[in-house]
Amino acid sequence: MTEPIRVESLTVRYGKTFACRDVSFSVAAGAVYALLGRNGAGKSSLVRCLLGQQKAASGRALLFEKDSWKTRRRAMEHIGVVPEEPDAPPAMSARELSAFCGRIYPRWDSAAVAARLERFGVPQAAPFGRLSKGQKGEVLLALALGHSPAVLVLDDPTLGLDVVARRALSEEIVGELADRGTTVFLTTHDLAGFEGIATRVGILKAGRLIVDEELESLKARFRRIRYANRMTETRTEFGNELDAFEAVRVQVRGWGIDAVVSNFDESAFERFRAMDGVENVSAEPLSLEEIFVALAGEEKGKAS
């Protein structure tokens, strides 16, 4: 199976309001796909459609090449899910929850679940309702991996977790990837935490997918270019000298121009550096978080 996840022209609407509009992408087997977007961008609606919990207005989401809305029950046998808000019967302990899941999944590995919980330091006999939010998330991750799923879906799994809990979760995911080649689809606000794990990135803005690209390719074409020129002190707008780089965000500062560009090229940069009047030029790589802010934040060309 080369693409266990595929979304085709998916549109979700609530009345006249669109949550997602004509979204298409796929996730290759063994990949880690990070879907990013500001609050209200449509991430949760898309995840619900992907898991067969919500019917799209048009288009479809496929799991293992089958429409998830029609074949959810069969698909979930091979999928692990960690929701944004950890939820389980509050009176049941992690050990009891594992035993319960063992009656549902024929390939359940209770020993592996117990070993993960021990690594996390979660008390396995304590009622779920008495655990911290981080511990609850760790319980659900251990349960989500208990049947060795082919696909792991994480809906903002680190939201509200402390640094230690976030690191433990990331390390466990890395271990799963190394041991089994599990395909991971996640939404997250913790861009720094997952930048070293994600292989492909999608960015939703106002319900539309504006980026769907390999992470390394995305980072290779984005740069922050800073420069001064002889007009800096009186300048209020940027000119066309950045056109070759396809600037997505430009700010006029007192000392010069601060621009984020999406089409960086070394040879074009050398020509730019040699332009008459352009001085003190630098080009710096950007983190995933910086790229996301540039694309999902202010409009192109708006100074601040």
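Bear in mind the structure is a predicted one, so any value in this text is a computation, not a measurement.
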Engineer: If you measure from CZ on Arg21 to CG on Leu10, what distance do you get to the nearest 0.5 Å?
Structural biologist: 12.5 Å
Engineer: Could you measure the distance from the CG atom of Leu36 to the OG1 atom of Thr187? Nearest 0.5 Å is fine.
Structural biologist: 9.0 Å
Engineer: With a 6.0 Å cut-off (strictly less than), is the heavy-atom count around CZ of Arg119, excluding the residue itself, greater than 12?
Structural biologist: yes
Engineer: Please check if any side-chain donor atom of Asp190 sits under 3.5 Å from a side-chain acceptor atom of Thr188, or the reverse.
Structural biologist: no
Engineer: Using a cut-off of 6.0 Å, state whether more than 12 heavy atoms not belonging to Glu118 lie near its atom CD.
Structural biologist: no
Engineer: Any idea which heavy atoms bring Val82 and Leu141 closest together, and the distance?
Structural biologist: CG2-CA, 3.7 Å
Engineer: Side-chain contact, heavy-atom cut-off 4.5 Å: Met92 with Phe100?
Structural biologist: yes
Engineer: Would you call Arg116-Glu138 a salt bridge at under 4.0 Å N-O?
Structural biologist: no
Engineer: Using modelled atom types and a 3.5 Å cut-off, is there a donor and acceptor pairing between side-chain atoms of Arg72 and backbone atoms of Leu51?
Structural biologist: yes
Engineer: Got Ser24 and Val7 here, is their nearest side-chain heavy-atom distance under 4.5 Å?
Structural biologist: no
Engineer: Kindly say whether Ala94 contributes a backbone atom to a donor-acceptor pair with the side chain of Ser98 at under 3.5 angstrom?
Structural biologist: no
Engineer: Between Glu3 and Arg6, is there a side-chain N and carboxylate O pair less than 4.0 Å apart?
Structural biologist: yes
Engineer: For Phe222, what residues pass the ring-ring contact (aromatic ring centres under 6.0 Å, His included) criterion, not counting sequence neighbours?
Structural biologist: none
Engineer: If you round to the nearest 0.5 Å, how far is CZ of Arg130 from OG of Ser93?
Structural biologist: 11.5 Å
Engineer: Nearest 0.5 Å, please: how far is CZ in Arg271 from CD in Glu266?
Structural biologist: 11.5 Å
Engineer: If you group Ile, Leu, Val, Met, Phe, Trp and Tyr by side-chain heavy-atom gaps below 4.5 Å, do Val250 and Phe269 land in one group?
Structural biologist: yes
Engineer: Carefully, step by step, assess Lys219 and Glu195 under the rule salt bridge (Lys or Arg N to Asp or Glu O under 4.0 Å).
Structural biologist: CA-CA 11 Å; Lys219 293 182 70 175; Glu195 182 171 347; 2.4 Å; yes
Engineer: With sequence neighbours excluded, tell me which residues meet ring-ring contact (aromatic ring centres under 6.0 Å, His included) with Phe272.
Structural biologist: Tyr227, Phe245
Engineer: Enter the distance from Met275:CE to Glu270:CD here, rounded to the nearest 0.5 Å.
Structural biologist: 13.5 Å
Engineer: Side-chain heavy atoms nearer than 4.5 Å, only ILVMFWY residues, links allowed to pass through others: does that put Val113 and Tyr105 together?
Structural biologist: yes
Engineer: Are the charged groups of Glu213 and Arg221 less than 4.0 angstrom apart, N to O?
Structural biologist: yes
Engineer: Decide if atom CZ of Arg167 counts as having more than 12 heavy atoms of other residues, nucleotides or ligands within a radius under 6.0 Å.
Structural biologist: no
Engineer: How about Leu204 and Val23: do any of their side-chain heavy atoms sit closer than 4.5 Å?
Structural biologist: yes
Engineer: If you look at every heavy atom in Ala29 and Thr183, which pair is closest and at what distance?
Structural biologist: CA-OG1, 3.4 Å
Engineer: Can Arg48 and Gln54 be counted as having a side-chain donor-acceptor contact under 3.5 angstrom?
Structural biologist: yes
Engineer: Do the side chains of Pro4 and Phe185 get nearer than 4.5 Å, heavy atoms only?
Structural biologist: no
Engineer: Give the intermediate values and the outcome of salt bridge (Lys or Arg N to Asp or Glu O under 4.0 Å) for residues Asp155 and Lys43.
Structural biologist: CA-CA 9 Å; Asp155 191 4; Lys43 301 188 302 298; over 6 Å; no
Engineer: Taking atom NZ of Lys133 as the centre, report whether more than 12 heavy atoms of other residues, nucleotides or ligands fall under 6.0 Å from it.
Structural biologist: yes
Engineer: Flag the pair Ile291 / Val201 as yes when at least one side-chain heavy-atom distance between them is below 4.5 Å, and no otherwise.
Structural biologist: no
Engineer: Is it the case that the side chain of Arg223 and the backbone of Ala220 share a donor-acceptor pair, with hydrogens and angles ignored and the cut-off at 3.5 Å?
Structural biologist: yes
Engineer: Hey, is Arg208 close enough to Asp22 for a salt bridge, meaning N to O under 4.0 Å?
Structural biologist: no
Engineer: When clusters are formed by joining ILVMFWY residues with side-chain heavy atoms under 4.5 Å apart, either directly or through shared neighbours, do Leu62 and Leu152 land in the same one?
Structural biologist: no
Engineer: What are the two closest heavy atoms between Thr199 and Glu214, and how far apart are they?
Structural biologist: O-OE1, 2.9 Å
Engineer: Do Phe264 and Ile257 land in one hydrophobic cluster if side-chain heavy atoms of ILVMFWY residues count as linked below 4.5 Å?
Structural biologist: yes
Engineer: Quick one: closest heavy-atom pair of Gly193 and Ser170, and the distance?
Structural biologist: O-OG, 3.9 Å
Engineer: Does NZ or CZ of Arg200 lie under 6.0 Å from the centre of the six-membered ring of Tyr33, at an angle within 45° of the ring axis?
Structural biologist: no
Engineer: For Cys49, is there any backbone N or O sitting under 3.5 Å from a side-chain donor or acceptor partner on Ser68?
Structural biologist: yes
Engineer: What are the two closest heavy atoms between Glu246 and Ser262, and how far apart are they?
Structural biologist: O-OG, 2.9 Å
Engineer: By the definition side chain to side chain contact (heavy atoms under 4.5 Å, CB included), identify the one residue from Val151, Val153, Ile197, Val32 that meets it with Val184.
Structural biologist: Val32
Engineer: Just verifying a value: how many Å separate Ile5 CD1 and Leu63 CG, rounded to the nearest 0.5 Å?
Structural biologist: 6.0 Å
Engineer: Using every non-hydrogen atom in the two residues, find where Ala144 and Pro149 come nearest and quote the distance to one decimal.
Structural biologist: O-CG, 3.3 Å
Engineer: Quick check: do Leu97 and Pro89 have side-chain heavy atoms less than 4.5 Å from each other?
Structural biologist: yes
Engineer: Would you say Ser132's side chain and Gln135's backbone share a donor-acceptor pair under 3.5 angstrom?
Structural biologist: yes
Engineer: Any sub-3.5 Å donor-acceptor pair from Thr158's side-chain atoms to Arg166's backbone N or O?
Structural biologist: no
Engineer: Counting distance only, does the side-chain N/O of Lys205 pair as donor-acceptor with the main-chain N or O of Leu295 below 3.5 Å?
Structural biologist: yes
Engineer: Applying side chain to side chain contact (heavy atoms under 4.5 Å, CB included) to Val260 and Gln251, what does each step give before you reach the verdict?
Structural biologist: CA-CA 9 Å; Val260 173; Gln251 296 171 306; over 6 Å; no
Engineer: For Glu284 and Arg226, run salt bridge (Lys or Arg N to Asp or Glu O under 4.0 Å): C-alpha distance rounded to whole Å, both residues' side-chain angles, the deciding distance at 0.1 Å, then the answer.
Structural biologist: CA-CA 9 Å; Glu284 303 170 0; Arg226 290 174 170 154; 3.6 Å; yes
Engineer: Could you tell me if the side chain of Leu35 sits less than 4.5 Å from the side chain of Leu186, heavy atoms only?
Structural biologist: no
Engineer: Could you verify whether a donor N or O on one side chain and an acceptor N or O on the other, from Asp109 and His147, lie under 3.5 Å apart?
Structural biologist: no
Engineer: Would you say Val12 and Phe18 are hydrophobically clustered, going by side-chain heavy atoms of ILVMFWY under 4.5 Å?
Structural biologist: no
